[in-house]
**Q** 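My questions all concern the structure below.
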Amino acid sequence: MSQSRTYEVRTYGCQMNVHDSERLSGLLEDAGYARAAEGTTADVVVFNTCAVRENADNRLYGNLGHLRPVKDSHPGMQIAVGGCLAQKDRGEIVRRAPWVDVVFGTHNIGSLPVLLERARVQREAQVEIEESLSAFPSTLPSRRESAYAAWVAISVGCNNTCTFCIVPSLRGKEKDRRPGDILAEVRALVAEGVAEVTLLGQNVNAYGSEFGDRQAFSKLLRACGEVEGLERVRFTSPHPRDFTDDVIEAMAETPNVMPQLHMPLQSGSSRVLKAMRRSYRRERYLGILAKVREAMPEAAITTDIIVGFPGETEADFTETLEVVREARFAAAFTFQYSTRPGTPAADMPDQLPKEVVQERYERLLELQERISWEENQKLVGREVELLVAEGEGRKDGERRRLSGRAPDNRLVHFAVDDSAAQRLRPGDLATVEVTYAAPHHLVADSGVRAVRPTRAGDAWAARNGRAPQAPGVLLGMPKVGVPEPLPAAADGCAID
């Protein structure tokens, strides 16, 4: 294979897919490929797919159709499809799109370079799907998207049986990494300049179930607190069923674990939760939130909610609105229920008409927008320390603003003068005062109060060919910051 062959990875879906795409990029670069320059046609295009949403299939096959004439005009170009939809559809992909060269599943992403070479030599499509994980993906090479923040997978798969979810059948049963392996990866990342890690799992707080330690996750959080140089720790997504008091205590007592929690609700109706097989009821969920806020009053809590699950009545939906009012979520990722063949919910009676689901969805959206705005307004006038982000949000070009994330993960766009603009790099810390609140972001236009250059900023500078920052006046107290945002994904499936 020529060393000059280029690649592009297109990612759909959840954070686990984003992290898998970092592995796919690492594998390809390890095999001699180079990332394609923006605006150029790659020699290899890899689709890392999601199967959670109903339109995932149409989106994939539509994109494959658009790529066919591109491939026809570029001899030697290859197309590969992996991820959850590939695990589900298997050989159906090359039947519907015979110009696809490689299909691989969620359990064998490490096979991609070999399958591409085999397809090239044999001049025929290669479809290879494994039924179970042979090696934990974190043993594979990786091309991290961020120099200053990193995903760290602690488990893959899920042991839950939610009736709406197809993920367990595609990702398999939960498989946990050993704590020593996780901490070794965290320490290695920090040594490279990473300031923040996000611990990833399909059901992150069930971690330890495979080796029989019910407190393994809280122990892991506390152990991350002892890693020198690791200044922010986050995790996603926990399941309310497994959310125990020892985890709340570990969050509150470990300084570098951030006051932020994303915990899917899915429905505020206990009747609907039972039909979903969610293993908790509204009282249990609200009880967890109360304990979290008692231990961490400053915590920002976000959630996922499904509208229009089969059989959901107006009374059920009203209960969801009641929980949203009581919970006061900082934000909610809301989804209209979509049928997924192969899930129990797909065959349930009383599937709701589209117009009913749409009307309820709009009511929920309106309520949550108002709550998010009200909660954000409480922060106006408060100083927050931001981890400066790279290319986050659309305000970067307005009024010479940069963007960053506060400890509670809120997005803040902040004004900088020429001096601050020259000093600040993604990965550095800036202290600002919030001057304006919108439902989905905050603005700080009164100037930067303090700047602290960090090793994370140095790592970003090194990656981007910038000279390291000379030691300067360090203002403010040393706290640090947040993983960069997810790349845009076609369909937002949630780890839950």
**Q** Identify whether the distance between the nearest side-chain nitrogen and carboxylate oxygen of Arg177 and Glu185 falls below 4.0 Å.
**A** yes
**Q** Partners of Lys274 by side chain to side chain donor-acceptor pair (under 3.5 Å), sequence neighbours excluded?
**A** none
**Q** With distance as the sole test, does Ser146 use its side chain to make a donor-acceptor pair with the main-chain N or O of Tyr148 at under 3.5 Å?
**A** yes
**Q** Take Asp304 and Gln266 through the side-chain contact (heavy atoms from CB on, under 4.5 Å) test and state the conclusion after the steps.
**A** CA-CA 6 Å; Asp304 298 329; Gln266 306 302 11; 4.0 Å; yes
**Q** Can a donor-acceptor pair be found, under 3.5 Å and without considering hydrogens, that links the side chain of Asp408 to the backbone of Ala300?
**A** no
**Q** Between Asp458 and Arg425, does the side-chain contact (heavy atoms from CB on, under 4.5 Å) criterion hold? Intermediate values first, please.
**A** CA-CA 8 Å; Asp458 292 341; Arg425 308 156 302 177; 2.9 Å; yes
**Q** Closer than 3.5 angstrom, by distance alone: can the side chain of Gln336 be matched with the main-chain N or O of Gly308 as a donor-acceptor pair?
**A** no
**Q** List, one per line, each side-chain donor-acceptor pair under 3.5 Å for residues 318-326, sequence neighbours excluded.
**A**
from, atom 1, to, atom 2, distance (Å)
Thr318, OG1, Glu314, O, 2.8
Glu319, OE1, Arg282, NH1, 3.2
Thr320, OG1, Gly268, N, 2.9

**Q** Is it true that Glu231 and Arg452 have a side-chain N and a carboxylate O under 4.0 angstrom from each other?
**A** yes
**Q** Does any N or O in the side chain of Thr49 come within less than 3.5 Å of the main-chain N or O of Gly82, such that one atom is a donor and the other an acceptor?
**A** yes
**Q** Answer yes or no: is there a donor N or O on one side and an acceptor on the other, between the side chain of Arg143 and the main chain of Ser21, under 3.5 Å?
**A** no
**Q** Tell me, do Gln202 and Val156 make a side-chain contact under 4.5 Å, heavy atoms counted?
**A** no
**Q** Check whether any side-chain heavy atom of Leu411 lies under 4.5 Å from a side-chain heavy atom of Ser403, and answer yes or no.
**A** yes
**Q** Could Glu375 and Lys378 be called an ion pair, given the rule that one side-chain N must be under 4.0 Å from one carboxylate O?
**A** yes
**Q** Between Asn159 and Asn203, does a side-chain contact (heavy atoms from CB on, under 4.5 Å) hold up when you go through it step by step?
**A** CA-CA 8 Å; Asn159 294 337; Asn203 179 7; over 6 Å; no
**Q** Is there side-chain contact between Glu226 and Leu183, with heavy atoms separated by less than 4.5 Å?
**A** no
**Q** What is the ring orientation for Phe309 with Phe164, classed by angle as parallel under 30°, tilted 30 to 60°, or perpendicular over 60°?
**A** perpendicular
**Q** Side chains of Trp460 and Val388: does their closest heavy-atom pair fall under 4.5 Å?
**A** no
**Q** Can you name the residues that form a side-chain contact (heavy atoms from CB on, under 4.5 Å) with Thr435, not counting sequence neighbours?
**A** Val443, Asp445, Ser446
**Q** Salt bridge check, Arg363 against Glu359: does any charged N sit closer than 4.0 Å to a carboxylate O?
**A** yes
**Q** For Val190 and Glu228, which heavy atoms make the closest approach, and how far apart are they?
**A** CG1-O, 3.5 Å
**Q** Looking at Asn17, is its backbone amide N or carbonyl O close enough to the side chain of Asp20 to form a donor-acceptor pair, meaning the two atoms are under 3.5 Å apart?
**A** no
**Q** For Tyr207, is there any backbone N or O sitting under 3.5 Å from a side-chain donor or acceptor partner on Asp176?
**A** no
**Q** Just so I know, are the side chains of Leu289 and Met263 near enough to count as touching, which here means a heavy-atom distance under 4.5 Å?
**A** yes
**Q** Do side-chain atoms of Thr303 reach the backbone of Leu265 as a donor and acceptor pair under 3.5 angstrom?
**A** yes
**Q** Using atom types as modelled and distance alone, determine if a side-chain donor or acceptor of Asp428 lies under 3.5 Å from a backbone N or O of Thr454.
**A** yes
**Q** Side chains of Gln260 and Met296: does their closest heavy-atom pair fall under 4.5 Å?
**A** no
**Q** What is the distance from atom CG of Leu170 to atom SG of Cys84, rounded to the nearest 0.5 Å?
**A** 5.0 Å
**Q** Hey, is Arg214 close enough to Asp242 for a salt bridge, meaning N to O under 4.0 Å?
**A** no
**Q** Counting neighbours of CD on Glu253 that are heavy atoms of other residues, nucleotides or ligands and sit closer than 6.0 Å, is the number greater than 12?
**A** yes
**Q** Check whether the side chains of Asn376 and His440 place a donor and an acceptor atom closer than 3.5 Å, and report yes or no.
**A** no
**Q** Please check this pair: side chain of Ser269 against backbone of Ala315, looking for a donor-acceptor N/O pair closer than 3.5 Å.
**A** no
**Q** Assess whether side-chain hydrogen bond (donor to acceptor under 3.5 Å, both in side chains) is satisfied between Asn160 and Arg241, documenting all intermediate values.
**A** CA-CA 10 Å; Asn160 293 318; Arg241 184 196 66 184; 2.9 Å; yes
**Q** Find out whether Thr244 and Ser218 are in side-chain contact, i.e. whether some heavy atom of one side chain is under 4.5 Å from a heavy atom of the other.
**A** no
**Q** Hey, do the aromatic rings of Phe235 and Phe217 have their centres closer than 6.0 Å?
**A** yes
**Q** Trp151 and Gln15: side-chain donor and acceptor closer than 3.5 Å?
**A** no
**Q** Closer than 4.0 angstrom, basic N to acidic O: yes or no for Arg328 and Glu374?
**A** yes
